[in-house]
Amino acid sequence: MSDHLLEIEDLVLDVVSRSDSGQAGPAQPSAVGEHGLDASSWKVLCDLGLVSLALPESLGGSGGGLREAAAVVRAGALLPMPLADAAMLAAPLLAAGSLPWPGGVVTATIAGVELDVRVEGEHLCLSGPLRRVPWLRDSDHVVVSVAGEAGTGGLVAVLASPASDDLEQGRNLAGEPRDTWHLEAVRATAWAPAPDLGPDEVRRLAGLARASQIAGAASAVLSRTLDYTRERIQFGRPLAALQAVQQRTALVAGEVTRARVVTDAAAAALDAEDSRAALLCAVAACEASSSVREVAAAGHQLHGAMGWTTEYPLGRATTRLWSWRDEYGDETAWAQVVAETVAAGPDVWTVITGSDEPEQEGRAT
Amino acid sequence: MSIAPTRLAAAGAEEGSLRELRLEVRSFLEAQRRAGAFVPAVDGWQSGIDPEFSRALGGRGLVGMTVPVEYGGHGRTQAERYVVLEELLASGAPVAAHWVADRQMAPAILKHGTPAQRERLLPGIAAGERLFAIGMSEPDAGSDLASIRTRARREGGGWRLRGTKVWTSGAHRATNALVLARTADSETRHAGLSQFVVDLPHPDIHVKPLHTIDGGSHFNEVVLDDAWIPEAALLGQEGAGWAQVTAELAYERSGPERLLTTMPLLRAWDAARRREATSLGPRDAIGPVVSRVIALREMSRAVAEVIQDGGDPAVAAAMVKDSGTLFEQHLVDEVRRAVDAELDPDAAGLTGLLAQAVLRAPAFTLRGGANEVLRSIIVKGLR
């Protein structure tokens, strides 16, 4: 069942190890504002069909599921590119609108209420801001989710990215581009209604995308920490021989494993259209975000001062973790969604086990 | 093959037949509770010793579920058993009397027992009538199990046991004890240990209760005063006791009892909130708690699936135990902070359950291997 996920992860990890941006080398100097999308790795991943897994083949995707996409995102979490935005948000949005993969570097965003959307003949015309869009300056296309009015389904629009001059450039803690674009009557290159995709569903996809990135980056922190504490000799022995170090590392491993399993569970539930999918997505986002504090803090503590410098790549992971945990909802926001789900259910244990009385077909007859 | 915990995959959704089984067990337990067969308690799987209730569960086929039918079991899957365990734990039912017999003795006897041992012991286990106590820890050997001093020496076509075991849960009500003893001196500490299945009561085995701060006395000191047992009491290979003990640890450490011990408290809190029509607060404390238990449950289920597929998830299992038992304690604190009440162990309802939970919580991160020891195992096992 899970072997193919490991194969996908290994495939992506191989790409990561060949890139000079994903793992090795110094962290990008975020203070300088340099970022640099890794265009060659993007192309390799696209050629392998790994970016558009969650889009059917008939639409130019690779016909996988979100579970596979999440595996790609975990393994490629540290690659400087909008991989999660494309694989776990753009692809399912396009699939919901039956729109084809636009090609090139693709990012995605959720439009706020300030965005004005008008249908003019067969065109869709957008005005207003798209705020803090990941990697917009480096993208060819941005897939935008627009919420419908009062209970109606939303729509999906594909826009060609603007010239950099039209962007208000911003960045997150890791120096990843988060650009705001003030649109003035911009026509979508493609658009479609997405009646089945309400704002909650879209938010869930975005939350799970960030959670999957966190799971991957947290795993990289653990891996680096294990390597470092086993190699670094102090007091005549490796740091890893110190029990205090072992204790803290083991706690990190618990956080990392929990984030991994729960993001995988949520993605699998979405693919299976399981009734627990919504709850599991909220749990995944809550747990991944809440794992960040200890994973990043322990990673830095166990690396000593070296980890705080840009000469060592730990900061590449931790700065991302600190940003991603807040993007599309922090752990408090997602925990509240869980609390609301409990309140709406018959009792807490039924909610936890997802065991509402099953609708049994044909029982009445 | 050892499965790296950091590469675990989720177990996926529960199938419809499992859900039906879950609801069936849930309504049976609810009926039992209403009939007064038990009062929900925290830590029912260790503190709630009730042989009569165990027999009732055995009668319904809810004990020894995975034991083959030819040995009186029910030939059910591990997944089915997992669902039943969850419902038993969450109901707060008194299931301690048969818990270890079901959890580790049945698989150990199936794996290492002779045909005669299987025929003699398994049907009783599946009936919920043969109740085991596990004699491992000693006054000078807790986390450092390999340093046990209890000895078994050959005599008169059998063995003579001498030593003292402590923290032996349920020994006063058990029909059998599994005793780990040294059968040979050896240069390596882990060699020369053997396991014995001892029938209780025994004239030369003295069981003395140890009283715990929660007012309970399920723990015992067990003195083996040159107790003679027959050759047939040896379980598995002479000298292979350490390997046999550690092989069962994955079952012992990753099961749902490592995260659901305090679930009856969460349910009671939830029920009280509904009764009082408490509206959801901002940053409501129930959110993070439920989120965490759902995530931990997915971890435990993932490990269960590895075990079912024949893999060795020892490190991941240790991780479930560490994370899960920390959560069990954390939950108690969250409920305590949300419920504004002074705790009285004699109080009924939520406050009494909370008092019970506070007093029992220290054991959660000790039994089955202290968490600090498990963390060393986890780190050494990680690539």
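Convention: sequence-line order gives letters A, B, ...; per-chain numbering from 1.
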Just so I understand: if I count every heavy-atom pair under 4.5 Å between each of [options] and chain A, which residue has the most?
options: B/S376, B/S279, B/A302; answer: B/S376
options: B/S291, B/A9, B/A285; answer: B/S291
options: B/M263, B/K380, B/R301; answer: B/M263
options: B/L280, B/I378, B/T278, B/I286; answer: B/L280

| said: Does any part of the side chain of A/T353, heavy atoms only, come nearer than 4.5 Å to the side chain of B/R26, both counted from C-beta? | reply: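 In short, these two side chains touch, coming nearer than 4.5 Å.
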Structural part of [X] lying under 4.5 Å from a heavy atom of chain A:
X: B/S323; value: side chain
X: B/R274; value: side chain
X: B/L374; value: neither
X: B/D322; value: side chain
X: B/R22; value: side chain
X: B/M299; value: both
X: B/R267; value: both

Assess whether a salt bridge exists between [X] and [Y], defined as any Lys/Arg side-chain N lying under 4.0 Å from an Asp/Glu carboxylate O.
X: B/E328; Y: B/R258; answer: no
X: B/R19; Y: B/E14; answer: no
X: B/R337; Y: B/E334; answer: yes
X: B/R336; Y: B/D333; answer: yes

Options [options], ranked by heavy-atom pairs under 4.5 Å with chain B, top entry:
options: A/R276, A/E331, A/E9; answer: A/R276
options: A/V351, A/V252, A/L6; answer: A/L6
options: A/Q246, A/Q336, A/E340; answer: A/Q336
options: A/V262, A/L279, A/V338, A/V283; answer: A/V283
options: A/A284, A/A272, A/A267, A/A250; answer: A/A250

Would you say [X]'s side chain and [Y]'s backbone share a donor-acceptor pair under 3.5 angstrom?
X: B/Q356; Y: B/V42; answer: yes
X: A/Q247; Y: B/E372; answer: yes
X: B/R283; Y: A/T332; answer: no

| Passing candidate, salt bridge (charged side-chain N to carboxylate O under 4.0 Å, His left out) with A/E327, options A/R210, A/R203, A/R320 |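 Exactly one option meets the salt bridge (charged side-chain N to carboxylate O under 4.0 Å, His left out) with A/E327, and it is A/R210.
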| query | Would you find more than 12 non-hydrogen atoms of other residues, nucleotides or ligands less than 6.0 Å from B/E30 atom CD? | reply |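 Buried by this count: over 12 neighbours within 6.0 Å.
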